[in-house]
Amino acid sequence: METVEKDVGISSVSRYIDEDGRVKYPLLADNRDLHIFELVGKKVLEKSLFPEKGKDFDVKLGDFPGVKDGEKLIRKTLSICPECRSLVRAVLLERDNKVYIRKLCPDHGELEEIYWGDAEFYHLKSKEADEGRGIENPYLEIKNACPFNCGLCPRHRSHTALLNLAVTNRCHLGCWYCFFYAQVAGYVYEPTLEHIRFMLEVARRQRPIPAKAVQITGGEPTMREDIVEIVKLARELGYEHVQLNTTGITFAFNPKLAKELREAGVNTIYMSFDGVSPITNPKNHWEVPYILDSLKEAKMGVVLVPTVIKSVNLNEVGAMVKFGLKFNDVIRGVNFQPISLVGRVPRKERERLRVTIPEVIKEIENQTEGQIRLEDWYTVPITIPISRFVEAVTGRPQFTMSNHFACGAATYVVQDRKTGRITAIPQFIDVYSLSDYLRELTDYIKKGGSRRLAKMKLLMRLNRFVDWDKTPEQLRKRKRILRILYNVFARHNYEALGEFHFNSLFLGMMHFMDEYNYDVARVERCDIHYVTPDGRVVPFCTFNVFPEIYRDKAQKLYSMPLNEYLKLKGIRSIAVERYKRNIRKLEAGEPYKRYYDGFWDPESLSYEEKKKISMKFGVPVIED
Amino acid sequence: MEAYGFYLEYYNKYQKFSYRISHKACGRSGENWIELEGDNVELDETGILFFERLFASPLKIAYVDLVSADETKLNTWRYRFDGPIVLIHKVVWRHLDDLTTYIVYMSDEEGERIIHLDENEEIKEFFTRLGIPVF
Ligand code: SF4
Ligand code: SF4
């Protein structure tokens with residue numbers, strides 16, 4: 001850093017920043033010297049971006065809230081007061097087999113919110129909790145309380161498992177709930193390729209584990225003409241896994257782009273998919289069949305990402321799993337995201353919308369006729385003993401998924417090709433015993449035991465953790481399951497899980513937080529991060545829960561006013577970029593019937609009703 | 001100058017390790033270092049940030065971990081002294097081969113420094129140089 005400052009000179013940095021502390025983006029954007037991005041980033045951080053106590057946030061540490069008769073204290077923590085957004089004291093408590101978070105703001109009193117809808121399951125899963133190693137070279141010093149010091153700061157417990165890179169805030173949709181896209185925000189945030197290079201490099205600097213996986217997100221990333229170049233850049237910089245977070249709609253009409261992206265190095269498409277009917281999924285219901293065909297053609301896997309809302313689509317979670325299994329030649333997984341509430345939501349409304357991880361899992365159990373059970377799900381840190389074992393075997397620090405156990409859970413399901421029966425992997429693999437055995441072997445190596453012998457022991461013992469009578473046929477054949485497990489555990493090759501490919505599906509769940517259920521103990525362990533244009537790495541659940549401090553504040557400083565953007569592009573309104581839907585044409589195509597047959601009857605709604613659903617959501621409808 | 005010192009007994013239930021932190025505070029009076037007497041205080045926001053700046057990096061512990069742990073014992077002292085302060089925290093890890101680490105906070109005219117030293121010749125030399133007995 002010192003030499004850089006000497007070479008470039010502080011005065012040359014100041015020319016990129018105006019008097020209000022805004023970055024003169026067009027001027028900065030043309031810069032090919034990455035150090036300038038770094039220096040400008042540090043300068044704006046110091047001048048205006050770093051959260052300031054009393055202005056951007058407050059800390060009100062009064063008493064811990066009380067626990068009443070009939071309630072049991074689980075643990076204490078810190079949270080956020082939704083009224084004044086200050087850091088306050090909170091407790092997690094158990095009542096009627098549910099877990100609640102109760103917080104006490106000295107100024108606004110007590111507030112309680114459901115945290116996990118099943119206390120027994122919470123206690124069971126808390127045994128899977130474990131700790132990550134954090135990072136050796138934090139980006140910032142500690143000046144503020146967590147979560148107002150992002151990041152990453154020395155407190156943070158997890159390295160970046162998945163880096164989010166927002167490449168635009170333009171979008172071809174205008175969903176009613178979104179305040180982020182360019183037209184509403186009034187500015188266009190679109191970092192240049194050189195700027196993106198800087199941001200990607202920032203996360204690659206992390207030690208001992210540089211970021212390895214990136215999700216390119218937006219707005220709608222496919223709106224960028226240079227999206228293929230961005231993917232190539234990520235690959236060039238050493239990202240082994242590149243995924244694209246998209247509505248998918250572009251691929252429905254441009255299958256060529258899917259192929260180009262695949263060739264450039266995209267591994268997975270992360271696609272919003274909120275249900276099998278237009279009522280639950282007005283966003284891309286009509287386009288999904290065409291998107292899936294394009295992706296299949298491009299040999300690109302897709303993970304469906306439903307946001308689960310109690311009163312809207314909780315009744316379709318089973319159908320979504322079955323949909324994923326039926327088309328698992330292209331669908332690799334379904335990653336459910338119980339809704340996180342944005343902004344102020346009255347209590348009654350929260351009760352109508354809110355659903356938590358155990359409740360979604362139980363609904364999946366009900367809606368798959370008990371085939372995928374509650375106990376088949378494991379929380380993310382269950383993978384940590386694997387990382388430690390590989391670390392011990394190789395002598396090198398390993399990628400670790402160390403987010404808080406309450407953040408997410410997952411399982412793998414396999415469908416028997418003949419009978420159609422769905423089996424979750426934990427039904428035939430004893431996960432806890434295997435994990436204990438890995439711990440035992442890790443200790444053995446740490447105490448000086450032979451690494452080779454440890455690997456041999458594992459290979460010999462694996463058999464004992466598999467219940468062969470319950471193993472689906474395709475994994476029983478030539479003991480295929482053992483080979484996969486060995487690759488995952490001894491070689492740390494999660495791609496090996498892709499071998500489950502035939503008739504199998506990854507099911508995941510992540511409950512992003514909001515100001516009602518905010519738990520500082522969780523965010524401190526977050527491993528899903530964003531890189532900001534000034535070069536910080538910020539956990540997802542601060543970046544999006546405090547947009548005025550992190551997301552919007554940083555992006556706005558590096559943006560271009562909407563009118564300047566329009567002038568640059570020679571267009572009169574950003575509305576020309578909006579997608580318009582032709583329902584009739586989409587429903588008439590063969591793929592539409594092929595995909596939805598058995599899941600949804602298009603005759604059950606009139607054309608006018610469908611049109612209304614689409615328009616109400618924010619997607620205009622056109623006719624030939 | 002002002003500094004906080006801590007006595008902490010902490011148990012990490014996830015990784016099943018525990019440690020005990022004790023400390024000594026000294027202020028420089030002329031050529032000598034004298035041991036300081038602190039005020040026993042409740043941990044306030046400034047104290048929390050002080051705690052985290054000392055320990056978050058080497059021990060991976062933050063304030064929220066203290067409040068959410070099943071077994072923690074914490075006592076805080078505040079030191080005020082008109083001159084340079086050296087604050088030495090000794091961390092004794094249990095279940096981890098009796099490892100001892102020293103975390104030294106120094107505040108003088110040149111500003112603040114935090115250094116981490118393992119129990120070896122280096123720390124003994126450091127203490128001898130300052131004329132502070134090893135503890
Ligand atoms: S969330 Fe992480 S990076 Fe942000 S303040 Fe807390 S510990 Fe630091
Ligand atoms: S994004 Fe939120 S829910 Fe996910 S790991 Fe981070 S803190 Fe947990």
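The heavy-atom pair separating A:Ala129 from A:Pro381 by the smallest distance is CA-CG, 4.3 Å. Taking every heavy atom of both residues into account, B:Val67 and A:Thr77 meet most closely at CG2-CA, 4.0 Å.
Under the 4.0 Å criterion applied to side-chain N and carboxylate O atoms, A:Glu524 and A:Arg155 are not assigned as salt-bridge partners. With respect to the salt-bridge test (charged N to carboxylate O, under 4.0 angstrom), the residues A:Arg133 and A:Glu391 qualify. Salt bridge annotation for A:Glu110-A:Arg102: present, with a cationic side-chain nitrogen under 4.0 angstrom from a carboxylate oxygen. Ion pairing between A:Arg85 and A:Glu515 holds under the 4.0 Å rule for side-chain N and carboxylate O. The pair A:Lys125-A:Glu120 fails the salt-bridge criterion, with no side-chain N (NZ, NE, NH1 or NH2) lying under 4.0 Å from an Asp/Glu carboxylate O.
Within the 4.5 angstrom heavy-atom criterion, only side-chain atoms of A:Arg525, from C-beta onward, approach chain B. Heavy atoms of A:Lys127 lying under 4.5 Å from chain B are absent altogether. For A:Arg522, no part lies near chain B; criterion is any non-hydrogen pair under 4.5 Å. At a 4.5 Å heavy-atom cutoff, A:Lys446 makes no contact with chain B through either its backbone or its side chain. Of the two parts of A:Leu61, only the side chain, counted from C-beta on, holds a non-hydrogen atom closer than 4.5 Å to a non-hydrogen atom of chain B. Residue B:Asp44 does not touch chain A at all, counting heavy-atom pairs closer than 4.5 Å.
We find the CG-CZ distance between A:Asp443 and A:Phe389 to be 11.5 Å, quoted to the nearest 0.5 Å.
For B:Asp39, the CG atom counts as densely surrounded, since its 6.0 Å shell holds more than 12 non-hydrogen atoms of other residues, nucleotides or ligands.
Side chains of B:Asp70 and B:Tyr11: no donor on one and acceptor on the other come within 3.5 Å.
If you tally non-hydrogen atom pairs under 4.5 Å between each of A:Glu136, A:Arg89, A:Glu141 and chain B, the highest count goes to A:Arg89. With respect to chain B, the highest number of heavy-atom pairs below 4.5 Å among A:Glu128, A:Lys53, A:Arg75 belongs to A:Lys53. Each of A:Ile74, A:Asp130, A:Asn144 has some count of heavy-atom pairs under 4.5 Å with chain B, and the biggest count is that of A:Asp130.
For residues 47-55 of chain B, a heavy-atom distance under 4.5 Å to chain A picks out B:Ile48, B:Leu49, B:Glu52, B:Arg53, given by residue number.
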